[in-house]
2 protein chains.
Amino acid sequence: MASSTVENYLKAALLHEQAHGGIVPMGALVEALAVVPGTVTTMVKAMAAQGLLAHEARQGVRLTPVGRALALGVLRKHRLVETFLVRTLKMDWSEVHDEAEALEHAVSDRVLARMDEFLDHPTTDPHGDPIPDAEGRIADTARQATLETCAANKPLRVARILDQSPDFLAYAQDCGLKPGARVKVLQRDAAGGVVRCETKPGQELTLGLPAAAKIVVGAAA
Amino acid sequence: MASSTVENYLKAALLHEQAHGGIVPMGALVEALAVVPGTVTTMVKAMAAQGLLAHEARQGVRLTPVGRALALGVLRKHRLVETFLVRTLKMDWSEVHDEAEALEHAVSDRVLARMDEFLDHPTTDPHGDPIPDAEGRIADTARQATLETCAANKPLRVARILDQSPDFLAYAQDCGLKPGARVKVLQRDAAGGVVRCETKPGQELTLGLPAAAKIVVGAAA
DNA sequence: TCTTGTATTTTGAGTAATCAAAATAGTATG
DNA sequence: CATACTATTTTGATTACTCAAAATACAAGA
């Protein structure tokens with residue numbers, strides 16, 4: 001049985017791997033888990049001894065197949081729980097991340113299966129993040145366009161928000177940028193570092209590039 | 001913040017207090033928490049230092065008002081979660097106890113409040129155990145009749161099952177003794193140690209006294 | 001090449017919770 | 001009253017996780 005701590009290390013490694021690819025530097029785990037560097041070294045060694053990840057000295061870690069499978073299970077629990085909290089218990093999508101952070105370690109596979117059934121097998125959570133299926137398969141979401149990179153003057157839909165912080169999520173909601181919402185990029189000003197877009201006819205919005213990069217968009221089906 | 005371990009010690013003390021009254025002997029905690037006696041002594045001292053309970057040397061413990069309030073909160077979480085798992089996720093009432101055991105420490109007050117609302121403020125869980133309200137008030141269930149002690153030949157209803165083990169619960173279900181079910185005691189044979197009762201017209205059932213003592217009954221409204 | 005700076009590792013120590021086994025207190029029995 | 005039994009406490013260790021601070025490795029710049 002993996003402890004909550006081990007599950008958190010695995011999940012952090014998986015998320016970093018999905019976002020950046022390749023090896024996961026120790027510093028990324030230090031950041032994600034909010035512990036001092038020495039702690040990560042110690043934990044990583046113990047986890048490597050258990051076969052959950054490979055530790056390349058002074059470089060970082062890579063998940064082993066076993067470690068990745070466990071990490072995907074944790075991610076599945078996290079995202080199904082978030083979906084459940086929003087859809088069923090009507091909680092605000094900006095507040096469910098922290099709740100799911102605690103529940104993901106306490107929900108058994110049995111409960112998870114019933115929840116999945118109850119929600120009718122959702123494929124994305126309220127932030128648009130893909131939910132791994134029961135076998136650990138997950139939709140590939142690499143190289144998707146964001147408001148920073150997408151084509152201008154085409155009707156689009158918000159697919160996903162790449163930031164779980166309540167502050168940013170509340171801001172996104174304010175701007176009408178929840179997953180599923182329509183958007184169109186009107187103009188991009190690289191020098192000024194802003195993107196001007198339209199959420200509803202007549203409703204304009206100017207976003208800084210770092211914020212724009214957190215809004216994943218797709219074709220407006 | 002009380003750790004899961006501390007919450008479990010508090011809950012065990014509360015349940016023992018409700019079932020037997022008076023001081024809770026160390027041995028009761030040893031039993032309930034499945035640890036060796038020395039561990040209980042150590043934990044109890046630490047918890048007494050935190051003001052959660054009073055430790056009377058060589059006698060046992062008593063909950064302080066603070067400790068009791070925390071324990072009632074844990075019990076509320078446990079029983080609301082059980083109710084939720086059965087009513088909403090359609091899990092079997094015989095399997096939800098262990099699941100709730102894990103979830104009671106991970107569910108936040110915010111989630112609990114939404115759950116309570118969603119379930120329309122239930123007052124008992126699937127086993128008939130009373131659910132403390134948000135202020136920690138709980139229905140008094142002392143001196144209720146059981147199949148071992150109740151009057152014979154009166155139409156009754158099962159109110160509560162005083163055993164959380166999947167085995168006993170499955171057996172009770174088999175006998176048609178879920179909370180809400182009708183029963184009548186036909187005859188009690190103290191010498192033989194059995195109680196004969198009727199669950200449906202023509203459906204008879206003979207129970208040993210220890211089992212009969214676990215079935216709480218009330219008037220058949 | 002030498003130096004600097006940053007990431008990582010090592011070392012030493014602390015906390016929470018646990019066990020095994022020996023010591024002790026208290027109760028009950030002959 | 002002495003003895004035996006049982007419940008509780010003490011003592012000494014262990015595991016998992018953590019921090020602070022010193023040591024080390026490595027990449028890059030002067």
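What you see is a predicted model, and the numbers here were worked out from it, not measured in a lab.
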With sugar-phosphate meaning primed atoms plus P, OP1 and OP2, does A46(A) contact a base, only sugar-phosphate, or nothing at under 4.0 Å between heavy atoms?
nothing

When L70(B) is tested against each of L14(B), V6(B), L10(B) for side-chain contact (heavy atoms from CB on, under 4.5 Å), which residue passes?
L10(B)

According to a strict under-4.0 Å criterion, is H55(B) in side-chain N/O contact with OP1 or OP2 of dT8(D)?
no

Looking at every strand, decide which applies to V36(B) at a 4.0 Å heavy-atom threshold: base, sugar-phosphate, or nothing.
base

If you measure from the Lys or Arg side-chain nitrogens to the Asp or Glu carboxylate oxygens, is any gap between R76(B) and D116(B) under 4.0 Å?
yes

Does E31(A) CD have over 12 foreign heavy atoms under 6.0 Å away?
no

Within the structure, does a side-chain N or O atom of T41(A) lie under 4.0 Å from either OP1 or OP2 of dT8(C)?
no

Does dT9(C) have OP1 or OP2 sitting under 4.0 Å from an N or O in the side chain of K45(A)?
no

Hey, does the side chain of Y9(B) come within less than 4.0 Å of dT18(C)'s phosphate (OP1/OP2), counting only N and O?
yes

Angle, rounded to 10°, between the helical axes spanning five pairs at each terminus of the helix from dT1(C)-dA30(D) to dG30(C)-dC1(D)?
20°

Does the gap between the ring centers of F84(A) and F118(B) come in under 6.0 Å?
no

What are the residues of residues 21-33 of chain B, sorted by number, that bring a heavy atom to within less than 4.0 Å of DNA chain D?
P25(B), M26(B), G27(B)

May I ask you to decide whether E17(B) forms a salt bridge with R62(B), counting only side-chain N to carboxylate O separations under 4.0 Å?
no

Check nucleotides 14-16 of chain D against the protein and report each pair of N or O atoms closer than 3.5 Å, with its distance, or say if there are none.
none

Is R196(B) paired with D189(B) through a side-chain N to carboxylate O contact shorter than 4.0 Å?
no

Is it possible for you to check whether K214(B) lies under 6.0 Å from the centre of the six-membered ring of F168(B), through NZ or CZ, and within 45° of that ring's axis?
yes

